[in-house]
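Chain letters run A, B, ... following the sequence lines, proteins first, then strands; residues in each count from 1. The basis for the numbers below is simple: all heavy atoms, side chains too, and nothing from hydrogens, waters or symmetry mates.
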Amino acid sequence: MSDARSAWSEQRTCERRERDANAVESSFVIDLKLLRTDPDRIRRSQAMRGESVELVDELLAADEARRSTLSTFESLRAEQKSIGKDVAKAQGDEKQQLLERTKALAAEVKAAQAAANEAEARFTELMKTVPNLVFEDVPQGGEDDFTVIETHGTPRDFAAAGFAPKDHLEIGEALGAIDMDRGSKVSGSRFYFLTGIGAQLEFALVNLAMAKALEWGFAPILPPALVKPSAMEGTGFLGQAAQDVYYLPADDLYLVGTSEVALAAYHSDEILDAATLPRHYVGYSPCFRREAGSYGQDTHGIFRVHWFDKVEMFVYCAPEEAVAEHQKLLAFEKAFLEALELPYQVLDVASGDLGLSAARKYDCYAWYPAQGKYREVTSTSNCTEFQARRLNIRMRDGDGVRSVATLNGTLCAIPRVIIALLENHQQADGSVHIPAALQPYLGTAVIS
RNA sequence: GGAGGCAUCGCCUAGUCGGCCUAUGGCGCCCGCCUGCUAAGCGGGAGGGGAUGUUGAAUCCCCACGUGGGUUCGAAUCCCACUGCCUCCGCCA
């Protein structure tokens, strides 16, 4: 039995469902105990992200309000219950007296409960806005303050080869691989058709990526591309990133921007047996992005588009394993780029440029000759327990029941990989060399 | 889309014309005990939150019978809405 198949059968027998509603309500974004015992840790994280530090004080106040209203409700409720029992036994006048007392109490209980619910809701709303805690050793700063931690390969010297590199669109159109004009005719800007060898290239890349992932022990999944709001919110895409997401109001569904969403929500409301962790999944799905904040950026070709397909890795593991798993995901991404013979760098992304759910993020930037620079081609995030708390995904082990950690990483984002292949491996005559690892899947060593 | 049925602890299940439910029993699981070993047997445990407290003690309380409301002094039990699943019909790749 293959690794992938045994992973499947194992998981089918070990799944647990957690249906407790309170657990869902009280699954918070950051660790509740941390808020009380070490609020400064959260303040530092907020500062590193360039987010509100005052939020922590609001949270503490809201938590206090929540607890005191809850206490009030609980003691009233306890009294109500205990009198209720006496009522059942009492007779005559005694019964009438008790009834009178408890009638008034009923209204109080109701009011106290409403107050407690409201305080709870306010607190939960606030908690949802807190991004994940950043690891304290990630580079500080904004978009441009990343640290380049590795550089692999060397950009080709096209001058020495005697010709100027063409950009991917020019190559792709000449090869009949990319049709941008019809993309915009049919669907608008930032849409495209992959045609002929371009379409074949996608299938070849997907098959190569899947073959590698299976070899590495990942279980393959084809996830839905439309998800409920809870899945979107749980993975952290409805906060500041909400404007970048397609929404279908008629059905109250979102189009995912990455299969990470469905892969993370896959085990929502479940308790996983610790013996089945870590779990490695690899998903393939279309990805939809409104690119609302990027008007005018990367408008040329298929670098930044509203729809693309992507092979994505996803990991569930014990929190203490997360850092090591993150390194593994990065290693897999590197192995894939190396198989494609692409020069690239690895970036440790700065605190201010992390998404809502990431504690640390490594991006691989591949070399794009026509742009003359390294640009993002993969991204892997360690979300620690952030998504698991929101999605109520826990594990049972010797220490009881606790949240798992989740991680995600790009294995192959089709358009950006196609661009990198076309541009880096182009020849003077307009043909494109295909890396040895990909040749078996495409059936040719050169496209022309 | 139309009609009907169902929803209790990991799984199965008792309870459903309101208070004795502090939710029954079985299986599986975990920890003890017992025992040449195993099995059996016996005892205990297994959700969330809060308070006092401790640092890996304990005690008390609240919540949890799909979800949310309602009726009532009191709801697993009655009423309403919603969700999910199952069956049948229709439509469809």
Nearest-nucleotide wise, let me know which of Gly84(A) and Ser75(A) is further upstream toward the 5' end of RNA chain B.
Gly84(A)

Once you round it to whole Å, what is the distance between C1' of G47(B) and CD1 of Ile393(A)?
17 Å

Rounded distance in Å between the P positions of C33(B) and U38(B):
13 Å

Within-4.5 Å side-chain heavy-atom neighbours: Phe218(A) and Leu411(A):
no

Expressed as a whole number of Å, how far does the C1' atom of G15(B) sit from that of C34(B)?
36 Å

Can you check the Arg67(A) CZ to G48(B) P distance for me, whole Å?
18 Å

Are Glu325(A) and Leu329(A) packed together at the side-chain level, in the sense that at least one heavy-atom pair is separated by less than 4.5 angstrom?
no

Show your working on side chain to side chain donor-acceptor pair (under 3.5 Å) between Glu312(A) and Ser259(A) and close with a plain yes or no.
CA-CA 7 Å; Glu312(A) 177 85 3; Ser259(A) 26; 5.4 Å; no

Phosphate contact (G50(B) OP1 or OP2) by Arg66(A) side-chain N/O below 4.0 Å:
yes

From CG of Asn117(A) across to C1' of G68(B) the rounded distance in Å is 11 Å

What is the distance, to the nearest angstrom, from the CG atom on Leu70(A) to the P atom on G48(B)?
16 Å

Whole-Å C1' distance, U8(B) and A75(B)
14 Å

Regarding Lys185(A) and Asp181(A), does a basic nitrogen lie under 4.0 Å from an acidic carboxylate oxygen?
no

Nearest-angstrom distance, P atom, C17(B) to G84(B)
29 Å

Which whole number of Å gives the distance between the C1' atom of A64(B) and that of A3(B)?
34 Å

Would you check if Arg122(A) and Glu118(A) make a side-chain contact, meaning some heavy-atom pair closer than 4.5 Å?
yes

I'd like the C1' distance from U87(B) over to U77(B), given in whole Å.
27 Å

Quick note, Lys81(A) side chain, CB onward, closest among C63(B), G50(B), G74(B) is C63(B)

Of the candidate nucleotides C62(B), G50(B), C73(B), which contains the atom at the shortest distance from the side chain of Gln80(A)?
C73(B)

Roughly how many Å is it from NZ in Lys110(A) to C1' in C62(B), rounded to a whole number?
19 Å

Any idea how Tyr246(A) and His306(A) line up, ring-wise: parallel (<30°), tilted (30 to 60°), or perpendicular (>60°)?
perpendicular

Are Phe314(A) and His267(A) an aromatic pair by the rule of ring centers under 6.0 Å?
no

Just the rounded figure in Å: distance from P of C63(B) to CD of Gln113(A).
8 Å

Expressed as a whole number of angstroms, how long is the span from Asp252(A):CG to U83(B):C1'?
13 Å

RNA chain B in dot-bracket form (Watson-Crick or G-U pairs under 3.5 Å, [ ] crossing, | inter-strand) is ((((((((.[[[..)...(.....]]].(((((.......))))).((((((.....))))))..[[[[[..)....]]]]])))))))....

Using atom P in both nucleotides, what's the gap between G43(B) and C80(B) to the nearest angstrom?
45 Å

Nearest whole angstrom, please: distance from the P of C61(B) to the CD of Glu74(A).
11 Å

In whole Å, measure the gap between the P atoms of G49(B) and A39(B) for me.
35 Å

Check the phosphate of C61(B) against Arg77(A), side-chain N and O only, distance under 4.0 Å to OP1 or OP2. Yes or no?
no

How far does CG of Leu169(A) sit from CD1 of Ile178(A), to the nearest 0.5 angstrom?
6.0 Å

